[in-house]
Amino acid sequence: MNQNNYCVIMAGGVGSRFWPLSRTARPKQFIDILGVGETLIQQTFRRFEVICPRENIYIVTNEIYKDLVHEQIPGLNDDQVICEPSRRNTAPCIAYANYKILARNPEANIVVAPSDHIVLREDVFTEVINLAMEASSETGALLTIGIQPSRPETGYGYIQFDESQASKIHPQIHKVKIFTEKPNLEMAKQLVESGEFLWNSGIFIWKLSSIMQEFETSLPEINDLFKSGMGLYNTPEETAFIKNIYEQSKSISVDYGIMEKASNVLVFAADFGWSDLGTWGSLYDIRDKDKNGNTIVGRNVMTYDSKNCIINMPKDKLVVIEGLEDYIIVENDNVLLICKKQDEQEIRQFVTDVQAEKGDRFV
């Protein structure tokens with residue numbers, strides 16, 4: 001295993017689109033949402049243990065989840081759990097990780113990935129990431145993983161690639177033309193039909209030196225903040241320094257701040273059974289269904305004339321559902337959600353409204 005391989009797992013989100021199963025106190029990355037005996041962050045960590053030395057895997061999370069990370073992934077040292085004092089999107093958290101890794105190994109080659117994605121073909125995933133890390137190390141390019149789309153999807157961003165510019169390293173690595181934000185359904189259909197677009201997985205691979213150069217060029221104000229702490233990273237003084245500067249950093253994604261501006265961006269077109277598991281609908285797609293198309297969690301759920309529903313109930317609660325089609329029906333603790341599948345993008349707004357009207361105990 002290459003000792004220069006590092007991994008940064010981003011695990012700071014609250015997963016509000018999976019409310020009420022995902023709550024502020026225990027977001028979806030810390031839940032065994034698939035019922036397989038592992039939480040999403042445990043699956044992600046295990047996936048990268050065969051790519052990077054265990055001691056080279058960092059988890060970036062909000063400081064309120066530090067204990068949860070240590071509980072679910074025993075044996076990590078404190079320096080491997082990077083605690084953000086506040087949420088500032090992905091660019092600041094990556095800049096923070098960059099400087100921590102720089103203090104250990106300036107020759108690092110890094111893969112950055114969310115903590116809550118699903119990978120059904122892990123052997124293919126491992127092969128793709130290893131090839132991508134070799135490509136980034138050899139070329140100095142910034143790589144992202146693009147997923148071959150299986151349907152028009154409005155919940156994902158898209159990447160247009162130049163098929164005429166395939167890399168000599170691998171035929172599935174191409175030059176990126178443009179990044180496209182989440183489209184409406186009509187636009188999504190056109191993107192998929194064109195054959196020139198991939199889903200944006202949010203997985204990045206780059207040399208530490210390459211990504212730091214891009215921060216200096218495209219996000220100098222963020223880079224300068226974190227650079228001012230050189231000598232403090234991985235020391236007892238790091239926490240106080242980070243708390244002091246984090247509020248000064250603007251909130252911006254690495255996609256918008258760097259990837260859309262950089263000239264040396266490549267995409268690896270892959271298919272390893274990926275889902276970002278961002279919504280109840282994406283979970284519905286990968287779960288087993290009964291003869292009526294319902295996916296059910298709960299021992300005592302009885303359905304009558306109900307089709308294509310997502311039903312997630314406490315394991316021993318008796319629930320009788322009649323006459324519903326294409327609904328999300330989820331109960332967790334003190335909250336019951338009943339919502340049309342087509343309206344699941346409204347769940348974030350429901351959470352905002354509940355918090356405003358009922359307080360924090362329901363979110």
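Only heavy atoms go into these numbers, but all of them, side chains included; no hydrogens, no water, no symmetry mates. All residue numbers refer to positions in the sequence shown, counting from 1.
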Can a donor-acceptor pair be found, under 3.5 Å and without considering hydrogens, that links the side chain of [X] to the backbone of [Y]?
{"X": "Ser22", "Y": "Val14", "value": "yes"}
{"X": "Lys28", "Y": "Leu277", "value": "yes"}
{"X": "Ser249", "Y": "Ile222", "value": "no"}
{"X": "Thr44", "Y": "Ser115", "value": "yes"}
{"X": "Asp255", "Y": "Met259", "value": "no"}
{"X": "Gln42", "Y": "Thr39", "value": "yes"}
{"X": "Asn294", "Y": "Ile311", "value": "no"}
{"X": "Glu214", "Y": "Ile258", "value": "no"}
{"X": "Arg47", "Y": "Glu122", "value": "no"}
{"X": "Asn223", "Y": "Phe215", "value": "no"}

**Asked** Thinking salt bridges, do Asp316 and Arg299 make one under a 4.0 Å N-O criterion?
**Response**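 Looking at Arg299 together with Asp316, the answer is yes, because their closest N to O distance falls below 4.0 Å.
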**Message:** What I want to find out is whether Lys207 reaches Glu107 closely enough, with some N-O distance under 4.0 Å, to be called a salt bridge.
**Reply:** no
How many angstroms lie between [atom1] in [X] and [atom2] in [Y], if you round to the nearest 0.5 Å?
{"X": "Ser306", "Y": "Leu324", "atom1": "OG", "atom2": "CG", "result": "5.0 Å"}
{"X": "Ile252", "Y": "Leu219", "atom1": "CD1", "atom2": "CG", "result": "5.0 Å"}
{"X": "Ile242", "Y": "Ile245", "atom1": "CD1", "atom2": "CD1", "result": "4.5 Å"}
{"X": "Leu283", "Y": "Leu34", "atom1": "CG", "atom2": "CG", "result": "6.5 Å"}
{"X": "Thr217", "Y": "Met212", "atom1": "OG1", "atom2": "CE", "result": "12.0 Å"}
{"X": "Cys52", "Y": "Met1", "atom1": "SG", "atom2": "CE", "result": "7.5 Å"}

**Message:** Check the orientation of Tyr233 and Tyr96. Use parallel for under 30°, tilted for 30 to 60°, and perpendicular for over 60°.
**Reply:** tilted
Does a donor on one side chain sit under 3.5 Å from an acceptor on the other, for [X] and [Y]?
{"X": "Gln80", "Y": "Asn77", "result": "yes"}
{"X": "Asn130", "Y": "Glu134", "result": "no"}
{"X": "Asn312", "Y": "Arg287", "result": "yes"}

**Request:** Take Glu247 and Ser86 through the side-chain hydrogen bond (donor to acceptor under 3.5 Å, both in side chains) test and state the conclusion after the steps.
**Result:** CA-CA 7 Å; Glu247 293 295 333; Ser86 58; 3.2 Å; yes
**Complete:** Nearest heavy-atom approach of Ile347 to Cys339 is CG1-SG, 4.5 Å
**Prompt:** Taking the six-membered ring of Phe226, is the NZ or CZ of Lys100 close enough (under 6.0 Å from the centre) and on axis enough (within 45°)?
**Reply:**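 No.
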**Request:** Given side chain to side chain contact (heavy atoms under 4.5 Å, CB included), test Ile118 with Leu40 step by step and report yes or no.
**Result:** CA-CA 8 Å; Ile118 297 299; Leu40 295 176; 3.6 Å; yes
Identify all side-chain donor-acceptor contacts of residues 260-273 below 3.5 Å with residues at least two apart in sequence or on another chain.
| unit_1 | atom_1 | unit_2 | atom_2 | d |
| --- | --- | --- | --- | --- |
| Asn264 | ND2 | Gly140 | O | 3.3 |
| Asp271 | OD1 | Arg121 | NH2 | 2.9 |

In the single-linkage hydrophobic clustering (I, L, V, M, F, W, Y; side-chain heavy atoms under 4.5 Å), do [X] and [Y] co-cluster?
{"X": "Ile94", "Y": "Tyr246", "answer": "yes"}
{"X": "Phe125", "Y": "Leu198", "answer": "no"}
{"X": "Ile296", "Y": "Ile328", "answer": "no"}
{"X": "Val8", "Y": "Phe48", "answer": "no"}
{"X": "Trp206", "Y": "Met133", "answer": "no"}

**Request:** Only pairs at least two apart or in different chains count here, so list each side chain to side chain donor-acceptor pair (under 3.5 Å) that has a residue in residues 52-63.
**Result:** Glu49-Arg54, Asn56-Arg104, Tyr58-Arg104
**Request:** May I have all residue pairs that pass salt bridge (charged side-chain N to carboxylate O under 4.0 Å, His left out) and include part of residues 328-339, sequence neighbours excluded?
**Result:**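 Found Lys317-Glu331.
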**Residue that, paired with Thr279, satisfies side chain to side chain donor-acceptor pair (under 3.5 Å) out of Glu344, Lys341, Gln345, Arg17** = Glu344
**Request:** Take Asn109 and Ser136 through the side-chain hydrogen bond (donor to acceptor under 3.5 Å, both in side chains) test and state the conclusion after the steps.
**Result:** CA-CA 8 Å; Asn109 203 33; Ser136 69; 2.9 Å; yes
**Prompt:** Given Val363, which of Val354, Val335, Thr352 fulfils the side-chain contact (heavy atoms from CB on, under 4.5 Å) condition?
**Reply:**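 Exactly one pass, corresponding to Val354.
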